[in-house]
*Asks:* 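Before I ask anything, let me first share the structure, which is written out below as structure tokens.
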Amino acid sequence: MNQHAPEPAADSPADADTKDPRIARREKMRQIAALGIDPFGSRYDNRTMMGHCKDLASEVYWEKEDGTRVELPSFDDPDLDYRQWKSENGPGAEKGPTVRVAGRIMLSRGQGKLIFLTLKDWTGEIQIFVGKKQVGAEDFDLAKLFDLGDLVAAEGRLGRTLTGELTVFAEKLTFHTKMLEPPPDKHAGLTNQDLRQRMRYADLAFNEGVVETFLDRTKIVKSVRKTLDSQGFCEVEGPTLHTVAGGAAARPFATHHNALDMPLTMRIALELHLKRLMVGGMERVYELGRVYRNEGISPKHNPEFTMLECYQAYGDYHSMMDLTEQIIVEAIEAIGGGYVREYDGHRVDFTPPFKRATYAELFEEATGVSSDDEAAVVQLAKQLKLKTEDRHLDVIRNEIFEEKVEDSLHGPIFVIDYPASICPLTKRKKDKPEIAERFELFVLGMEIANAYTELNDPDLQQELFETQLEGLDEEESMAKMDNDFIRALRYAMPPAGGLGLGIDRLVMLLTGKKSIRDIILFPLQRPES
RNA sequence: GAGGGUGUAGCUCAGUCGGUAGAGCAACGGACUUUUAAUCCGUUGGUCCUGGGUUCGAGUCCCAGCACCCUCACCA
């Protein structure tokens, strides 16, 4: 023991306190400082990332006394006895590259003058062998002050233990940062949903697969950008503070600008500003950003979430369908794992091309009623106990569709050609004005993407907005007339295809997470009491 | 917003009929130089979510509140 460490007094009242994990950690921090080591550490260069150590495993070999080099046996073989193999190939010595690893202590197995540590960085985990004889008394005394969760580093030779585990045989230890809070259960981790979200740092640090999920999210988002960039789209940043929140049917968050003494709302969609840019001649634009909707919270809804919207001048909804498929397929390729994926116990096959079916076909298939047969549709609605009085037939039809068809759409499937009256921002088919050129992409009943051949007739657009706003009082009104947008359309927006894609839902699907709160780093929560 | 569930040690969880608080891990002391959630011996640790009520007595029953989870609604 070093001379700076205090002698614990046998009957000291402080003795009971050191049984409090937090106090014990601070006491060890004090002892580390007493060794002349900064308990909050400093720079550590030339690290070998732990994921890379796995690649370096092939460089570990056995050198016989006569200098001949022997490949190590396969450690995948469960019957392998490495100790026996060594004696059969001995005398000799295991050789391997020297590495410098730094990370968090996840597990510690002390065994007298020997300590095994499991260290973790964001690329993986690796075992560290700390022997008193190998690291020296000074470093070994330091290692005895390590706690689970501390950040430390080890430099040493990469090799195999008797059980074959890839291990860094430490020659030098470095202390980096003391964790002053006690860690969660070393096996179960932090399972309390509330705490996982409230203390995402602990969730990331101690729960298996959490970092990987969020790294996958980043890969997906990067891939989406890459796909769009490769197709000549230009990423832009629209305002998040709007004077009129438009582009979607949702209630906005209200806020206020002090200097201008002006009410503002947070954006609920990206659409109307991107279209203004198309009027200005930016022919392929997209924004991948946060929108805010003042609505209920559920496993599929967070008040702020990430949307992709993109617009292609001189395209239509079919152009967008091909693009959507490409975006998703390339995102899957970016995170790996193949086109066939598991979600909530279901098998989903994203092998392109995705199935395409019209709204009317699916309606008839699921209900046995032709969507054109008005009387039958109304009768069906009554059967389903849906409100029919004073409602447009398309609205009734769509309620039936949502109830009977959407939830059962396994997908991925593009539902195309919607009834026009429920799509106010959509261009209608030339030969069938009652049908809108629109698709929605469904997977397991979830709406992932929504695209239109965009409406660019300013007068018709205004009329449709007004119809949409009719009968809504101030409180209920989810959209307000955006006169500047109508004026923009009068400056001529090219015919275009437009796409909206819910990034969070795509990430949920591709990472297999059932709750949006598992793929948003910091979902909204009430403050801690 | 409606309905259901959960809340107990730092973490993960038991707690029977209402009888005065338990385990594993972590922590603390000890043994151990090839462990794998190491093992073994010993020790400590509680605002039973909060506030009322019923009762001789409440972690347990009742009421109210708070937080989280699930289902539904709004929404994507």
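By convention in this document, chain letters (A, B, ...) are assigned in the order of the sequence lines, proteins followed by strands, and residues within each chain are numbered from 1.
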*Asks:* In whole Å, measure the gap between the C1' atoms of A26(B) and A38(B) for me.
*Replies:* 15 Å

*Asks:* For the ring pair Tyr286(A) and Tyr311(A), is the centre-to-centre distance below 6.0 Å?
*Replies:* no

*Asks:* Between G46(B) and A73(B), how far is it from one P atom to the other, in whole Å?
*Replies:*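 It works out to 46 Å between them.
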
*Asks:* For Asn302(A), which contact category applies under a 4.0 Å heavy-atom criterion: base, sugar-phosphate, or nothing?
*Replies:* base

*Asks:* Under the ring pair (Phe, Tyr, Trp, His ring centres under 6.0 Å) rule, collect the residues that match up with Phe522(A), sequence neighbours excluded.
*Replies:* none

*Asks:* Run the ring pair (Phe, Tyr, Trp, His ring centres under 6.0 Å) test against Phe350(A) and tell me which residues pass, sequence neighbours left out.
*Replies:* none

*Asks:* With sequence neighbours excluded, tell me which residues meet salt bridge (charged side-chain N to carboxylate O under 4.0 Å, His left out) with Lys28(A).
*Replies:*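 Only Asp147(A) meet the salt bridge (charged side-chain N to carboxylate O under 4.0 Å, His left out) criterion with Lys28(A).
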
*Asks:* Look at Lys275(A) together with Glu309(A) and state whether they make a salt bridge at an N to O cut-off of under 4.0 Å.
*Replies:* no

*Asks:* How close or far is atom C1' of A76(B) from atom CD of Glu406(A), stated in whole angstroms?
*Replies:* 11 Å

*Asks:* So, using salt bridge (charged side-chain N to carboxylate O under 4.0 Å, His left out) as the criterion, who are the partners of Lys172(A) when residues are at least two apart?
*Replies:* Asp139(A)

*Asks:* Give every pair of a protein N or O atom and an N or O atom of nucleotides 4-6 of chain B that lie under 3.5 Å apart, one pair per line with the distance.
*Replies:*
none

*Asks:* Hey, which of these two, Glu447(A) or Lys133(A), hits RNA chain B nearer its 5' end, going by closest nucleotide?
*Replies:*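 With Glu447(A) and Lys133(A) compared, the 5'-side residue is Lys133(A).
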
*Asks:* Mind checking who A64(B) pairs with, Watson-Crick or G-U wobble, both distances under 3.5 Å?
*Replies:* U50(B)

*Asks:* Can you tell which of Lys133(A), Lys132(A), Gln134(A) makes a side chain to side chain contact (heavy atoms under 4.5 Å, CB included) with Lys113(A)?
*Replies:* Lys132(A)

*Asks:* Please write out each protein N/O paired with an N/O of nucleotides 11-15 of chain B under 3.5 Å, distance rounded to 0.1 Å.
*Replies:*
| residue | atom | partner | partner atom | Å |
| --- | --- | --- | --- | --- |
| C11(B) | O2' | Asp185(A) | N | 2.7 |
| C11(B) | O2' | Gly189(A) | O | 3.2 |
| C11(B) | O2 | Asp185(A) | OD2 | 3.4 |
| U12(B) | OP1 | Thr191(A) | N | 3.3 |
| U12(B) | OP1 | Thr191(A) | OG1 | 3.4 |
| U12(B) | OP1 | Asn192(A) | N | 3.0 |
| U12(B) | O3' | Thr191(A) | OG1 | 3.1 |

*Asks:* Whole-Å distance between C25(B) C1' and Leu107(A) CG?
*Replies:* 11 Å

*Asks:* Would you measure the distance from the P atom in G42(B) across to the matching atom in G4(B) and give it in whole Å?
*Replies:* 48 Å

*Asks:* Rounding to a whole Å, what distance do you find between Gln111(A):CD and G30(B):C1'?
*Replies:* 15 Å

*Asks:* Expressed as a whole number of angstroms, how long is the span from Phe75(A):CZ to U34(B):C1'?
*Replies:* 13 Å

*Asks:* Write down the distance between NZ (Lys132(A)) and P (U34(B)), rounded to a whole number of angstrom.
*Replies:*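 One finds 15 Å between P of U34(B) and NZ of Lys132(A), rounded.
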
*Asks:* Below 3.5 Å, does any donor atom in the side chain of Gln127(A) face an acceptor in the base of U35(B), or the other way round?
*Replies:*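 Per atom types, the contact qualifies.
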
*Asks:* Could you tell me the separation between the NZ atom of Lys144(A) and the C1' atom of C32(B), rounded to a whole number of Å?
*Replies:* 12 Å

*Asks:* Using a cut-off of strictly less than 4.0 Å, decide whether Arg526(A) has a side-chain nitrogen or oxygen near OP1 or OP2 of A67(B).
*Replies:*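 Yes.
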
*Asks:* Test of understanding: with ring pair (Phe, Tyr, Trp, His ring centres under 6.0 Å), list the residues that count as partners of Tyr292(A), not counting sequence neighbours.
*Replies:* none

*Asks:* For Glu208(A), check side-chain contact (heavy atoms from CB on, under 4.5 Å) against everything at least two apart and list the hits.
*Replies:* none

*Asks:* Give a yes or no answer on whether the side chain of Arg341(A) reaches the backbone of Leu509(A) with a donor-acceptor pair at less than 3.5 Å.
*Replies:*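 Between the backbone of Leu509(A) and the side chain of Arg341(A) there is no qualifying donor-acceptor contact (under 3.5 Å).
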
*Asks:* Tell me which nucleotide, if any, is Watson-Crick or G-U wobble paired with A2(B) when both distances must be under 3.5 Å.
*Replies:*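 Per the H-bond distance test, U71(B).
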
*Asks:* Any strand counts, and the cut-off is 3.5 Å on both contacts for Watson-Crick or G-U wobble. Which nucleotide pairs with A37(B)?
*Replies:*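 Paired with no nucleotide.
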
*Asks:* Taking OP1 and OP2 of A27(B), is either one under 4.0 Å from a side-chain nitrogen or oxygen of Arg25(A)?
*Replies:* no

*Asks:* Would you please name every residue forming a salt bridge (charged side-chain N to carboxylate O under 4.0 Å, His left out) with Arg26(A), sequence neighbours left out?
*Replies:*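 Arg26(A) satisfies salt bridge (charged side-chain N to carboxylate O under 4.0 Å, His left out) with no other residue.
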
*Asks:* Distance check needed: C68(B) C1' versus Asp518(A) CG, whole Å only.
*Replies:* 14 Å

*Asks:* When you compare U16(B) with A76(B), how far apart are their C1' atoms, in angstrom units rounded to a whole number?
*Replies:* 47 Å

*Asks:* Between Lys28(A) and A27(B), is there a contact of a side-chain N or O with OP1 or OP2 at under 4.0 Å?
*Replies:*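 No, no such contact exists.
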
*Asks:* Once you round it to whole Å, what is the distance between C1' of A31(B) and CZ of Arg109(A)?
*Replies:*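 Answer to the nearest Å: 19 Å.
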
*Asks:* Anything under 3.5 Å between a protein N or O and an N or O of nucleotides 69-71 of chain B, put it in a table, one pair a line.
*Replies:*
| residue | atom | partner | partner atom | Å |
| --- | --- | --- | --- | --- |
| C69(B) | OP1 | Gln197(A) | OE1 | 3.4 |
| C69(B) | OP1 | Arg517(A) | NE | 2.8 |

*Asks:* Strictly by ring-ring contact (aromatic ring centres under 6.0 Å, His included), give each pair with a member in residues 401-425 of chain A just once, sequence neighbours left out.
*Replies:* Phe354(A)-Phe414(A), Tyr359(A)-Phe401(A), Tyr359(A)-Tyr418(A), Phe414(A)-Phe439(A)

*Asks:* Arg196(A): what forms a salt bridge (charged side-chain N to carboxylate O under 4.0 Å, His left out) with it, not counting sequence neighbours?
*Replies:* Asp203(A), Asp518(A)

*Asks:* Determine, answering yes or no, if Phe116(A) is stacked on A38(B) under the 5.5 Å centre rule and the 30° plane rule.
*Replies:* no

*Asks:* Both Leu162(A) and Arg22(A) contact RNA chain B. Which one's nearest nucleotide lies toward the 5' end?
*Replies:* Arg22(A)

*Asks:* Which one is paired to A76(B), where only Watson-Crick or G-U wobble pairs with both distances under 3.5 angstrom count?
*Replies:* none

